[in-house]
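Working notes, beginning with the structure itself.
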Amino acid sequence: MKLQYCIFFLLILNSMTFAQESQRAQKVIEKVSNDSQKGNFVLVPGPSYMPSTKLGLSLIGMYLFDANSGKYKNQDVNVPPSILGAFAKVTSNDSAMGAVGTQLFLGPDLWRISGGYFEGDILSEMFQVQLDRFIDTSNEIRAVLVNVNRRVWKKLFIGFGAVWNEVIFTSEGSAPLGTSNTGFKFNLFYDTRDNTFSPTDGFFLNTRTSFYRKDLGGDDNITTIDASFSQYFSLTDNGHLFSWIYDSSFNLGDTNPNYNYNFGSRGPRGYTGKVFEGANMLRFEGEYKYYFKSILSSRFGLAGFAGVGFVFGGRSRVGNDISSDLFDSDPLAHIGGGIRYKVLPKQNLNMRIDMAYGREDVFTMYFALNEAI
């Protein structure tokens, strides 16, 4: 535990140094962007720590641009910047992963189109209850995802997506569990947020229904419904912000352990995603942020967060029994905090480093260029 505290302290010092250098570099970037009117490019390295994969180093690159080429400048429409991005991460236990993707806002915000490719070889430890110990596992993943959504009324969007993924999971002393599935998605969401990177006002209701089918060349017939609602508040004019989220995922068809919801792999901080996993999940989380006007021209801030969730249904990939329904499952709470730095203040694009603690009794650390809520 002392090692995690030392790492976190060093990260705060490193982030302060990075923030000062980024502020100087950003003036050059903004000047070039204003001269060329082509957009903003951001390249940021950052650390992470997960007890299951150990210390990690990430490199995130983003190019932000106006996909509408100035056609709708005179209309009263807030069109978010489009993104081309890439991500790479390596860890001290020889795990490696990377992704490329894009999110396009066309219209004026009439179409939202996104797509990406992810590949990773993730080595980690998972807890096996029967043996009362962690066992070594390997998770090889490849995935392709495309979504096309259209605004149909006010801020309501409806669309479809296609997904293909391949997962090969191997645990110590067991044969590999390999699956490949192809599916399509139905998307419906309502978005009143004032910013897609770090909102300060509005709400986001997001639902996604995914259908994996053998008729499409896959190994399983799996249907999942993911639904979330997040809301954002500016408490005062002095940089005090609050946000909260309800998030859920439910499996309605066949179950496959490779498609379990891993508590910690998506959403809740403070969990490794290698202990509590099941076919269904729901959770609540709240976060408070404050940006200091006297430090780095309001670019530097602190955040605190806490939440609770439940995982139930199915079996874990290493054979652990999961509570069959919500009311028999144990609450999974977490708490944590972190730092924020506005890399691009105009777009409200933030760098964050968070540290969290949950029922696994371990500290986890995260680095990203987007908010968790």
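Side-chain atoms of E360 and T272 form a donor-acceptor pair, as typed in the model, at a separation below 3.5 Å. A donor-acceptor contact under 3.5 angstrom links the side chains of D226 and S249, judged on distance only. Of the N and O atoms on the side chains of T200 and D194, at least one donor lies less than 3.5 Å from an acceptor on the other residue. For the residue pair Y190 and T192, no side-chain donor N or O sits within less than 3.5 Å of a side-chain acceptor on the partner. Inspection of the S138 and T170 side chains reveals no N or O donor paired with an N or O acceptor under 3.5 Å.
Looking at R133 and E125, no side-chain N of the basic residue comes within less than 4.0 Å of a carboxylate O on the acidic one, giving no salt bridge. Ion pairing between a basic and an acidic side chain is recognised when a charged N comes within 4.0 Å of a carboxylate O; R340 and E287 show such pairing. At a threshold of 4.0 Å, the pair E166-R142 counts as salt-bridged, since one of the basic side-chain nitrogens sits closer than that to a carboxylate oxygen. Between D354 and R352, at least one side-chain nitrogen of the basic residue sits less than 4.0 Å from a carboxylate oxygen of the acidic one, meeting the salt-bridge criterion.
Aromatic rings from F305 and Y288 are positioned such that their centres are separated by 6.0 Å or more. When ring centroids are compared, Y246 and F284 come within the 6.0 Å threshold. Taking the six-membered ring for Trp, Y357 and F363 have ring centres closer than 6.0 Å. Taking the six-membered ring wherever Trp is involved, the centroid distance between the rings of F300 and Y341 does not fall below 6.0 Å. Close placement of the F229 and W244 rings is indicated, their centers lying within 6.0 Å of each other. Taking the six-membered ring for Trp and the full ring otherwise, the centers of Y232 and F203 sit at least 6.0 Å from each other. With ring centers used as reference points, F292 lies under 6.0 Å from Y290.
The two residues V100 and A86 come nearest to each other via the heavy atoms CG1-CB, 4.1 Å. Listed here is the closest heavy atom pair of S329 and V311: CB-O, 3.5 Å.
F327 and F250 end up in different hydrophobic clusters when Ile, Leu, Val, Met, Phe, Trp and Tyr side chains are linked at under 4.5 Å.
A donor-acceptor pair under 3.5 Å is absent between the side-chain atoms of T209 and the main chain of I225, judged by distance alone. For the pair T182 (side chain) and G218 (backbone), a donor-acceptor distance under 3.5 Å is absent. With hydrogens and angles ignored, the 3.5 Å screen pairs no side-chain donor or acceptor of S48 with any backbone N or O of M365. Remark: the backbone N or O of T53 is paired with a side-chain donor or acceptor of T91 at under 3.5 angstrom. Panel note: side chain R359, backbone P331; a donor-acceptor pair is recorded below 3.5 Å.
Screening D220, N181, T224 against Y259 for a side-chain hydrogen bond (donor to acceptor under 3.5 Å, both in side chains) leaves a single residue, N181. The one candidate from R151, K154, K155, R112 that meets the salt bridge (Lys or Arg N to Asp or Glu O under 4.0 Å) condition with D191 is R112.
Taken from CD in Q128 to OG in S171, the straight-line distance is 7.0 Å, to the nearest 0.5 Å. Atoms CG and OG, on N260 and S316 in that order, are 7.5 Å from each other to the nearest 0.5 Å. Separation of atoms CG (L64) and CD (Q103) is listed at 10.5 Å; rounding is to 0.5 Å. Taking CG from L123 and CG from D94, the interatomic distance works out to 6.5 Å, rounded to the nearest 0.5 Å.
A parallel orientation is assigned to the rings of F184 and F211, their planes being inclined by less than 30° (bins at 30° and 60°). Ring geometry, F65 versus Y63: the interplanar angle falls under 30°, so the pair is classed parallel (tilted spans 30 to 60°).
The closest side-chain heavy-atom distance from F204 to I245 is not below 4.5 Å.
Both tests hold for K342 against Y291: distance to the six-membered ring centre under 6.0 Å, angle to the ring axis within 45°.
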